[in-house]
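What follows is a short report on a single structure.
Atoms within a ligand are numbered from 1 in the order they appear, just like the ligands themselves. Because the structure is a prediction, the values reported are computed rather than measured.
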Amino acid sequence: MNISHIEHLGIAVKSIDACLPYYEQVLGLKCYNIEVVEDQKVKTAFFQVGQTKIELLEPTSEESTIAKFIEKKGEGIHHIAFAVPDVAGALAEADSKGVQLIDKAPRSGAEGLNIAFLHPKSTCSVLTELCDHK
Ligand code: ZN
């Protein structure tokens with residue numbers, strides 16, 4: 001797949017506002033973008049840490065997959081996202097190796113990324129995202 005780095009870590013939170021003081025005042029990171037992704041029913045907040053970002057995910061609706069995740073597992077790390085040069089190619093490779101795919105084809109995510117998710121059943125229980133900047 002030619003993964004270059006961890007693009008971001010997705011962290012499910014009930015309230016971005018409630019978490020900002022920890023990330024900004026304790027860790028000293030700067031939130032550089034807050035964005036609502038309507039079709040995902042989430043509000044996202046981004047922090048840059050070296051090459052990697054932290055993405056806070058707050059549900060904007062009870063139907064949001066993030067709301068369901070928090071209900072089931074509580075707040076915390078939701079997914080890990082790897083940067084690859086070509087999401088479609090990486091998906092095809094995962095598929096050929098028997099990995100269960102959530103997304104059969106890349107779709108657009110926050111920050112203009114092409115993204116696709118692999119199913120936790122096939123990834124040692126960690127929801128895994130692949131993304132590229134094409
Ligand atoms: Zn993500």
Side-chain angles (χ1 to χ4, degrees):
M1 287 191 190
N2 292 314
I3 291 169
S4 57
H5 61 285
I6 294 174
E7 213 284 336
H8 63 269
L9 289 174
I11 299 176
V13 299
K14 288 178 185 163
S15 162
I16 284 173
D17 284 346
C19 291
L20 281 178
Y22 168 67
Y23 284 93
E24 295 200 310
Q25 288 156 37
V26 179
L27 297 183
L29 301 171
K30 177 92 193 85
C31 174
Y32 68 89
N33 186 26
I34 290 186
E35 184 180 340
V36 173
V37 184
E38 291 292 353
D39 62 338
Q40 303 288 307
K41 300 187 177 73
V42 289
K43 187 163 125 183
T44 59
F46 289 92
F47 305 84
Q48 191 79 45
V49 190
Q51 260 199 107
T52 302
K53 294 162 197 152
I54 302 278
E55 176 185 25
L56 301 182
L57 300 154
E58 175 191 315
T60 56
S61 149
E62 281 174 20
E63 278 99 75
S64 164
T65 56
I66 298 300
K68 289 172 187 154
F69 176 89
I70 291 172
E71 202 174 293
K72 247 172 89 180
K73 301 193 173 178
E75 295 176 286
I77 293 185
H78 176 259
H79 66 275
I80 183 168
F82 295 110
V84 295
D86 172 24
V87 171
L91 266 186
E93 183 183 337
D95 192 32
S96 76
K97 291 178 175 169
V99 171
Q100 195 176 325
L101 309 179
I102 292 176
D103 298 299
K104 305 279 180 217
R107 56 187 165 90
S108 28
E111 299 209 303
L113 292 172
N114 292 311
I115 65 164
F117 282 94
L118 307 180
H119 200 286
K121 276 182 188 156
S122 299
T123 61
C124 302
S125 301
V126 177
L127 179 59
T128 299
E129 178 181 354
L130 303 171
C131 51
D132 70 37
H133 281 277
K134 279 186 185 167

Heavy-atom count check: over 12 atoms from other residues, nucleotides or ligands less than 6.0 Å from N2 CG?
no
What closest approach, in Å, do I16 and K43 show between heavy atoms, and which atom pair accounts for it?
CD1-O, 3.5 Å
Name the orientation class of the two ring planes belonging to F46 and Y32 (parallel below 30°, tilted from 30 to 60°, perpendicular beyond 60°).
tilted
E129 atom (N/O/S) at minimal separation from the Zn ion (ligand 1)
OE1
Verify the distance test for H8 against the Zn ion (ligand 1): any N/O/S atom under 2.8 Å, yes or no.
yes
Judged by modelled atom types alone, do E129 and H8 share a side-chain donor-acceptor pair under 3.5 Å?
yes
Atom of E55 closest to the Zn ion (ligand 1), considering N, O or S atoms
OE1
